[in-house]
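Report on one structure; see the data block that follows.
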Amino acid sequence: MQLGLDGRALDLLLPMHLWIDPDGTILGAGPTMRKLLPAGASRISGAMTLLRQGVSHADPAAICRACREDERLFLRIAGRPRLTLRGHAVPAGGGFLLNLGFGIGLVDAVGELDLNDGDFAPPELAMELLFLHEANRAVMSELSRFNRHLDAAREAAERQAFTDPLTGLRNRRGLELAIAALLRSADPRDSRRARKGFAVAHLDLDHFKPVNDRHGHAAGDAVLRHVAQVLREAIRSHDTAARVGGDEFVLLLDNVDSPEALAPMARRIIRRIERPIDLGAAICRVSASIGIVWSPLDRSVPVDFMLADADAALYRSKHAGRGRVTVVNGAAAPGPG
């Protein structure tokens, strides 16, 4: 043999070698290289192209010239666009002996060609690199799973911190966050939002204390859950309902054009709350008084004043006979209805 090594020795030492003569004829190839070459390939033309400065060269003379000039070789295999071989060539037996590898494309090559440890020379660290790659992927997957679990736990904790455990509505802190988010969305440059407003409704149950006194706190809790369900069904998906005290509730109503529609909505809520509540052992009846304040959507709105105005409007409803609604619009303060 012209190289002084038999084919078995080359296969063992350089399983990815390629031996070509000056006209591009393939004189020999290692066992791993034979898996890469197109079936029946006898010449390098049609089997590989040379990548040089971003340009692909199919002429075998260009590959031989690169071998002769001792360039670092980058070869693209025909039919395998994702795989690029890289390596060097040395003169051998009147032609050139190329020793090639996959470089950073190792993972893609192993997956695409179903390679294993026997396809690489023993001194190569291909399998060790693959092990590190898989270990890194497993660690990243586990970290991702842990982060998802942590995010879910954090979201659950936040929901619990801002939720009333009895009714499932927002608690006082949750209401404050909802108001803050609403005011942050008020953009004076947005004329469409500038035409809209929002309302805060303060609701207090009438005749609730006798329910607790006569039927016990379990019955009172059932009534509060019933009221919460009425409020959930009465508001829209972007509104907020909160329980802020024993039998006190607040509604935050976004995108309300004017206060005219608020009183009819509140009366519907009162009528639903006044329906008899069947607790099994007893039938309970309660009512509600509501005070509402409406305002244009403006970041300068003093929310504490709005809550105080809604509270004052509520007590006007109470003093007017209960089961009433009072709507306040800015400086104007219409009577109870």
Side-chain angles (χ1 to χ4, degrees), residues 163-172 174-175 178-179 198-237 239-254 256 258-295 305-329 332-337:
T163 301
D164 172 50
L166 176 63
T167 64
L169 301 180
R170 295 277 189 110
N171 59 18
R172 185 178 294 274
L175 175 66
I179 294 175
F198 74 105
V200 176
H202 193 172
L203 181 151
D204 184 81
L205 296 184
D206 301 324
H207 317 302
F208 178 68
K209 186 174 183 297
V211 173
N212 277 328
D213 292 343
R214 295 174 188 172
H215 304 292
H217 289 290
D221 290 347
V223 169
L224 292 174
R225 286 192 290 267
H226 164 74
V227 172
Q229 185 60 31
V230 169
L231 297 180
R232 267 192 291 265
E233 294 173 356
I235 63 176
R236 300 157 299 177
S237 60
D239 296 330
T240 300
R243 180 184 176 218
V244 296
D247 61 343
E248 295 182 61
F249 299 84
V250 170
L251 302 179
L252 177 62
L253 308 172
D254 188 13
V256 180
S258 66
E260 281 72 22
L262 294 171
M265 178 207 70
R267 293 191 193 100
R268 289 193 296 272
I269 290 175
I270 292 173
R271 285 196 296 270
R272 287 206 55 194
I273 290 174
E274 288 177 341
R275 293 175 184 173
I277 305 169
D278 187 356
L279 301 180
I283 302 295
C284 295
R285 294 178 182 272
V286 295
S287 184
S289 298
I290 302 178
I292 307 176
V293 58
W294 177 88
S295 172
F305 289 175
M306 285 198 67
L307 292 172
D309 286 345
D311 187 60
L314 166 64
Y315 279 93
R316 291 185 61 190
S317 297
K318 290 275 191 184
H319 294 154
R322 305 191 178 191
R324 304 292 183 90
V325 181
T326 301
V327 180
V328 176
N329 177 16

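Starting from 1, each residue takes its place in the sequence as its number.
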Contacts satisfying salt bridge (charged side-chain N to carboxylate O under 4.0 Å, His left out) that involve residues 203-216 (not counting sequence neighbours) are Asp204-Lys318, Asp206-Lys318, Lys209-Asp213
Check salt bridge (charged side-chain N to carboxylate O under 4.0 Å, His left out) between Asp239 and all other residues, then give those that pass, not counting sequence neighbours. Arg236
Do you know the tightest heavy-atom contact between Ala178 and Thr240? CB-OG1, 3.7 Å
According to the side-chain hydrogen bond (donor to acceptor under 3.5 Å, both in side chains) rule, which pairs have a member within residues 273-285, sequence neighbours left out? Glu274-Ser287
Taking side chain as C-beta onward, heavy atoms only, is Leu224 less than 4.5 Å from Val227? no
Can you run down the side-chain hydrogen bond (donor to acceptor under 3.5 Å, both in side chains) pairs that involve residues 215-234, sequence neighbours left out, and say none if there aren't any? Gln229-Arg232, Gln229-Glu233, Glu233-Arg272
Atom CE in Met265, atom CD1 in Ile270: separation rounded to 0.5 Å? 9.5 Å
Do you know the tightest heavy-atom contact between Ala288 and Ile273? CB-CD1, 3.9 Å
Return the CH2 to CD distance between Trp294 and Glu260, rounded to the nearest 0.5 Å. 8.5 Å
May I ask you to decide if Val244's main-chain N or O and Arg172's side chain share a donor-acceptor pair within less than 3.5 Å? yes
Could you report the tightest heavy-atom contact between Gly220 and Asn212, atom names first, then the distance? CA-OD1, 3.3 Å
Run the salt bridge (charged side-chain N to carboxylate O under 4.0 Å, His left out) test against Arg243 and tell me which residues pass, sequence neighbours left out. Asp164
Identify, with sequence neighbours excluded, every residue that meets side-chain contact (heavy atoms from CB on, under 4.5 Å) alongside Ala241. Leu169, Leu231, Ile235, Leu251
So which of Leu253, Val325, Val328 actually passes side chain to side chain contact (heavy atoms under 4.5 Å, CB included) with Ile292? Val325
When you measure from the side chain of Ser317 to the backbone N and O of Ile290, does any donor-acceptor pair fall under 3.5 Å? yes
Gap between atom CD1 of Ile269 and atom CZ of Phe249 - 0.5 Å precision: 11.5 Å
To the nearest 0.5 Å, atom CZ of Arg170 lies from atom CG of Leu175 at 8.0 Å
I need the Leu205 CG to Arg322 CZ distance, nearest 0.5 Å. 11.0 Å
